[in-house]
Number of protein chains: 2
Amino acid sequence: MRLSDTIESFIKELLGASEEDGVELKRNELAEYFQCAPSQINYVLSTRFTPDHGYMIESRRGGGGCIRIIHVERKQGDYLDYLIRERVGLSLADKDAQLLLRQLVESSTISREDGLMIAAALSPQALAVPVPETVKCALRARIMRSMLLNIARRNQRTKQPAPTALIRIEHHEV
Amino acid sequence: MRLSDTIESFIKELLGASEEDGVELKRNELAEYFQCAPSQINYVLSTRFTPDHGYMIESRRGGGGCIRIIHVERKQGDYLDYLIRERVGLSLADKDAQLLLRQLVESSTISREDGLMIAAALSPQALAVPVPETVKCALRARIMRSMLLNIARRNQRTKQPAPTALIRIEHHEV
DNA sequence: AAGACTGACTATCTTTGACTATCTAAGTAT
DNA sequence: ATACTTAGATAGTCAAAGATAGTCAGTCTT
């Protein structure tokens with residue numbers, strides 16, 4: 001078994017054992033424990049604990065610093081989960097983003113308020129920085145996923161599970 | 001727990017227990033109590049009790065000198081306005097964004113949910129596209145402004161600038 | 001070729017201590 | 001009395017040291 005896989009399972013065990021929906025760990029301690037370079041931890045995090053995997057990472061440097069990993073439960077057949085993992089993809093044109101948002105609000109997958117918040121974050125004015133359109137598309141996709149994940153997490157916290165279920169498996173390139 | 005965090009909570013407890021909206025303390029006594037260098041107190045004040053955090057500091061040197069910490073209450077609408085117009089500016093470092101969000105939630109200017117949504121949109125993971133940091137700073141400012149503006153509009157629509165419960169969020173929970 | 005792994009370099013946050021600035025009070029000179 | 005001086009008591013500043021985590025390009029493995 002590869003080291004990365006071992007570390008991955010270890011972290012997932014920690015998450016499973018935790019009361020909360022997240023765990024805190026010290027990068028250096030973990031690296032010490034597994035006898036590897038500290039940057040190996042970053043590698044594991046960036047390849048196996050990404051937003052599309054349903055994880056959020058927060059960290060602090062300096063004395064007393066640490067890494068926090070938050071897991072958002074994915075339920076089978078959860079539409080939000082499908083969106084984050086597949087539908088949004090790596091690139092999202094402005095037009096597609098608006099279309100998607102409208103669908104999500106109309107199908108009550110997300111609230112109107114949340115839809116407006118996402119729209120605000122993705123608005124052309126917000127993204128009016130001098131970068132190629134391809135980069136903006138990547139950005140839209142990332143921001144969209146990150147915000148949807150946050151909504152999923154909130155749903156999980158409030159124990160008020162997904163408003164809808166309906167999975168429509170459409171093709172997913174945007 | 002970091003010493004700075006401990007001292008921060010201690011001071012906030014004092015503030016909470018106080019009848020006034022401020023407390024007075026002796027730098028050296030505090031330092032003695034926490035067994036640290038007096039300048040540590042200055043560090044805590046300058047990183048956690050700034051105007052952005054909603055605090056004002058006054059002090060007197062010499063015999064009988066002391067430090068006074070005052071918590072400033074702000075009107076929601078005005079504060080949001082100020083943020084949108086002045087504070088956010090054209091550029092916003094990651095650190096500043098987090099600081100700002102934390103203060104906004106602590107002062108109930110925005111709800112915890114909105115704070116988390118903005119944090120999700122501004123998270124390093126969401127902005128992980130290959131552009132210079134200067135561009136990211138510009139982007140953060142724009143997204144932040146756009147989302148705050150959306151909140152302000154929503155408040156106006158509902159005519160009910162409803163705050164939320166006072167929730168103390170943890171350090172990088174924002 | 002793709003994924004796993006590493007190490008040097010960088011960025012950020014905390015803590016400390018030496019040095020500086022300011023204030024009060026008491027003492028001294030006029 | 002009034003002005004000046006000085007000692008002691010505070011607080012402020014800043015840069016260095018320490019403690020973490022992040023990045024990235026190159027190497028190794030499969």
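Sequence lines set the chain letters: A, B, ... in the order given, protein chains first and strands last, and positions in each chain run from 1.
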> Once the angle between the rings of A/Tyr55 and A/His71 is folded into 0 to 90°, is it parallel (under 30°), tilted (30 to 60°) or perpendicular (over 60°)?
Replying inline: parallel
> In the single-linkage hydrophobic clustering (I, L, V, M, F, W, Y; side-chain heavy atoms under 4.5 Å), do A/Leu3 and A/Tyr43 co-cluster?
Replying inline: no
>> What is the separation between atom CG on A/Leu45 and atom P on C/dC5, rounded to the nearest whole Å?
In response: 14 Å
> Do any side-chain nitrogens or oxygens of A/Tyr43 fall under 4.0 Å of OP1 or OP2 in C/dC5?
Replying inline: no
> In whole Å, what is the span from the CD atom of B/Gln125 to the C1' atom of D/dG22?
Replying inline: 13 Å
> For D/dA11, does either OP1 or OP2 sit under 4.0 Å from a side-chain N or O belonging to B/Asn28?
Replying inline: yes
> Roughly how many Å is it from CZ in A/Arg48 to C1' in C/dC5, rounded to a whole number?
Replying inline: 11 Å
> Any side-chain N or O of A/Arg60 less than 4.0 Å from the OP1 or OP2 oxygen of C/dT14?
Replying inline: yes
>> How many whole angstroms separate atom CD of B/Glu24 from atom P of D/dT10?
In response: 13 Å
>> Using a heavy-atom cut-off of 4.0 Å across all strands, would you classify B/Ile41 as base, sugar-phosphate, or nothing?
In response: nothing
>> Are A/Met56 and A/Val44 linked, directly or through intermediate hydrophobic residues, by side-chain heavy-atom contacts shorter than 4.5 Å (ILVMFWY only)?
In response: no
>> I need the CD1-P distance between B/Ile69 and D/dG12, as an integer number of Å.
In response: 10 Å
Distances under 3.5 Å only, N/O to N/O: pair up the protein atoms with those of nucleotides 23-30 of chain D.
none

> Among the nucleotides C/dT14, C/dG17, D/dA21, which one has an atom lying closest to any side-chain atom of B/Ser4?
Replying inline: C/dT14
>> Set out, in order, the CA-CA distance, both residues' side-chain angles and the distance that settles side-chain hydrogen bond (donor to acceptor under 3.5 Å, both in side chains) for B/Asp94 and B/Gln98, then state yes or no.
In response: CA-CA 6 Å; B/Asp94 184 45; B/Gln98 292 190 32; 3.3 Å; yes
>> By the 4.0 Å heavy-atom rule, please label B/Gly65 as base, sugar-phosphate, or nothing.
In response: sugar-phosphate
>> Is it true that, when you exclude B/Glu20 itself, more than 12 heavy atoms of the residues, nucleotides or ligands shown sit nearer than 6.0 Å to its CD?
In response: no
>> Output the rounded distance in Å from CD (B/Gln40) to P (C/dT15).
In response: 4 Å
